[in-house]
Amino acid sequence: MTARRFGTDGLRGVANVDLTPELLVALGRAAARTLGAERFLVGRDTRISGPMLQAALSAGLTAEGAEVTDLGVLPTPGVAWASATERHPAAMISASHNPFPDNGIKFFAPGGRKLSDAAEDLLEAELDRLLAGGPGSVPERRAGSVPERRDGVARSVPVGAGVGRVCYRDGRPGYVAALAATLDGRRLDGLSVVADCAHGAACSVAPEVLAALGVDLIAINDRPDGVNINEGAGSNYPSGLATEVVARGADVGLAFDGDADRVVAVDAAGNLVDGDQLLAMCAVDRLDRGLLTDKTVVATVMANLGFRRAMADHGIAVVETKVGDRYVLDALDEGGWALGGEQSGHVIFRDLATTGDGVLSGIQVLDVMARTGRPLAELAQVMTRLPQVLRNVAVADRAGLSGAETFWSELEAVRLRLGTEGRVLVRPSGTEPVVRVMVEALTAEAAEAACSELCVALVSALGTAEPVSH
């Protein structure tokens with residue numbers, strides 16, 4: 001059985017090695033066949049490989065008779081917004097915060113939600129059949145098509161007027177207008193903001209919408225050249241933004257990742273405000289305004305213990321999910337709730353969007369500042385972030401974790417020692433040959449000591465392996 005191609009956030013790999021044009025042509029064909037739509041929307045970030053892969057995907061889609069609308073460079077949530085607005089399936093060519101040689105693709109179903117696991121499984125099975133040259137699904141016969149036989153199986157291959165077309169449309173104007181409209185006419189005049197666009201997709205919309213809302217804006221890392229996306233910039237590297245905010249005397253800084261689906265902030269003193277803190281302040285603000293459905297917020301298991309304590313202090317219930325914004329979205333939809341997010345900066349306003357949106361989240365945070373007249377540093381004090389230590393432990397027998405009784409006994413002893421003033425989370429990575437050990441405690445020293453103790457116990461129980469990069 002081959003490994004599943006699609007991960008929690010689509011398909012990723014090194015462009016032209018793992019993600020080749022040939023693969024994307026086949027993927028386009030498979031998507032047209034399994035999703036069964038007559039039109040697809042396609043966008044991309046600023047990577048040099050983006051146009052190549054987008055052209056290949058569009059070739060596969062149009063070869064099956066589908067029409068393609070090329071939206072150009074647009075954030076992932078902008079593509080999702082277009083999908084939701086126009087009710088067409090969509091694809092985004094991006095590897096998010098990964099370095100520029102990587103690229104990836106994620107699909108959205110009509111309505112702007114990521115594909116379900118069942119839909120992805122069908123798509124992947126059809127892709128595998130195409131790549132193996134085996135029998136594939138037979139699309140509905142279209143006018144102007146001729147049968148093709150491959151491996152003894154007849155297929156309908158569009159020809160002439162049956163071949164799909166590619167049209168080009170700037171996806172930015174409608175999305176920018178929709179972002180601004182989320183404030184219901186309110187403005188952000190008087191706020192000075194430094195926006196770090198990571199030389200990525202945020203460059204295409206963030207400066208325009210923030211300026212339109214009245215922000216005194218300084219944009220940095222906003223000159224993509226195809227190879228500088230995420231390079232020492234954006235949400236993975238907020239130190240440069242912090243320096244710029246302090247040097248400019250700005251009120252706040254916002255740092256987006258390469259495809260602009262997440263954001264972290266920096267206060268006027270240059271202190272980082274992460275996704276947990278942004279989610280906490282927005283949750284309390286919505287609670288105060290009667291907009292927090294069922295007084296509930298959704299977060300992943302990685303949310304800081306300080307976040308959980310702050311929510312409890314305000315009478316807000318926390319629903320916990322696995323790591324990954326798709327799991328947060330699933331929980332929001334299943335429960336009918338409106339707000340959720342991740343520590344990494346994916347904040348999801350489900351009543352305003354179908355996915356995590358960094359620019360939208362930044363606007364909502366600025367709106368809280370503008371309405372309350374309170375600086376970001378004060379708003380972030382809604383929670384006290386406990387020191388958190390996370391280590392990736394390369395072990396020889398990751399599969400043996402569940403049965404490692406001596407390790408679990410050690411872990412239970414550490415939990416008892418920390419009590420309610422700490423937290424321990426141990427989980428095998430879904431993408432690397434490591435076990436992740438996370439410890440939170442009242443002091444950094446206590447967290448470090450407990451984490452070190454557990455890492456030693458883990459290696460003792462499962463054996464050591466060559467270390468991997470963090």
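Please read these numbers as outputs of a predicted model, since none were measured by experiment.
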Peer 1: Assess the side chains of Asn103 and Arg12: does a donor N or O sit below 3.5 Å from an acceptor N or O?
Peer 2: no

Peer 1: Would you tell me whether Asp261 and Thr76 have side-chain atoms, one donor and one acceptor, within less than 3.5 Å of each other?
Peer 2: no

Peer 1: Salt bridge between Asp330 and Arg113, side-chain N to carboxylate O under 4.0 Å?
Peer 2: yes

Peer 1: So do the side chains of Thr372 and Val368 get within less than 4.5 Å of each other, counting heavy atoms only?
Peer 2: yes

Peer 1: Is there a side-chain contact between Phe40 and Leu35 (heavy atoms, below 4.5 Å)?
Peer 2: yes

Peer 1: Do Asn230 side-chain atoms and Ser96 backbone N/O form a donor-acceptor pair below 3.5 Å?
Peer 2: yes

Peer 1: Taking C-beta and beyond as the side chain, do Val266 and Val273 meet within less than 4.5 Å on heavy atoms?
Peer 2: no

Peer 1: Below 4.5 Å, heavy atoms only, C-beta onward: do Met383 and Arg385 meet side chain to side chain?
Peer 2: yes

Peer 1: Considering only heavy atoms from C-beta outward, does the side chain of Leu401 approach that of Val435 to under 4.5 Å?
Peer 2: yes

Peer 1: Checking salt bridge (charged side-chain N to carboxylate O under 4.0 Å, His left out) between Asp333 and each of Arg350, Arg326, Lys114, which is the one that passes?
Peer 2: Arg350

Peer 1: Verify, without hydrogens or angle tests, whether Thr296 (side chain) and Asp294 (backbone) share a donor-acceptor contact under 3.5 angstrom.
Peer 2: yes

Peer 1: Tell me whether Lys106 is salt-bridged to Glu120, with the criterion being a basic N under 4.0 Å from an acidic carboxylate O.
Peer 2: no

Peer 1: Do Arg391 and Ser452 have a side chain donor and acceptor closer than 3.5 Å?
Peer 2: yes

Peer 1: Any luck finding a side-chain donor-acceptor pair between Asn236 and Arg262 under 3.5 Å?
Peer 2: yes

Peer 1: Do Asn221 and Asp196 have side-chain atoms, one donor and one acceptor, less than 3.5 Å apart?
Peer 2: yes

Peer 1: Check for a donor-acceptor pair, side chain of Thr243 on one end and backbone N or O of Ser239 on the other, with a separation under 3.5 Å.
Peer 2: yes

Peer 1: If you count heavy atoms of other groups shown closer than 6.0 angstrom to CD of Glu231, is the number above 12?
Peer 2: no

Peer 1: Is it the case that the side chain of His199 and the backbone of Arg223 share a donor-acceptor pair, with hydrogens and angles ignored and the cut-off at 3.5 Å?
Peer 2: yes

Peer 1: Please determine whether a side-chain nitrogen of the Lys or Arg among Glu421 and Arg309 lies less than 4.0 Å from a carboxylate oxygen of the Asp or Glu.
Peer 2: no

Peer 1: Do Leu210 and Ile363 have side chains that approach each other closer than 4.5 Å (heavy atoms only, starting at C-beta)?
Peer 2: yes

Peer 1: With distance as the sole criterion, is a donor-acceptor pair present between the side chains of Gln343 and Asp274 under 3.5 Å?
Peer 2: no

Peer 1: Would you check, one step at a time, whether the test side-chain hydrogen bond (donor to acceptor under 3.5 Å, both in side chains) holds for Thr300 with Glu320?
Peer 2: CA-CA 5 Å; Thr300 75; Glu320 192 173 272; over 6 Å; no

Peer 1: For the backbone of Asp251 and the side chain of Ser192, can you confirm whether one donor and one acceptor N or O come within less than 3.5 Å of each other?
Peer 2: yes

Peer 1: Any idea which heavy atoms bring Leu279 and Val347 closest together, and the distance?
Peer 2: CD1-CG1, 4.2 Å

Peer 1: Below 4.5 Å, heavy atoms only, C-beta onward: do Leu179 and Asp357 meet side chain to side chain?
Peer 2: yes

Peer 1: Measure the shortest side-chain to side-chain distance between Phe256 and Ser235 over non-hydrogen atoms and say whether it is less than 4.5 angstrom.
Peer 2: no

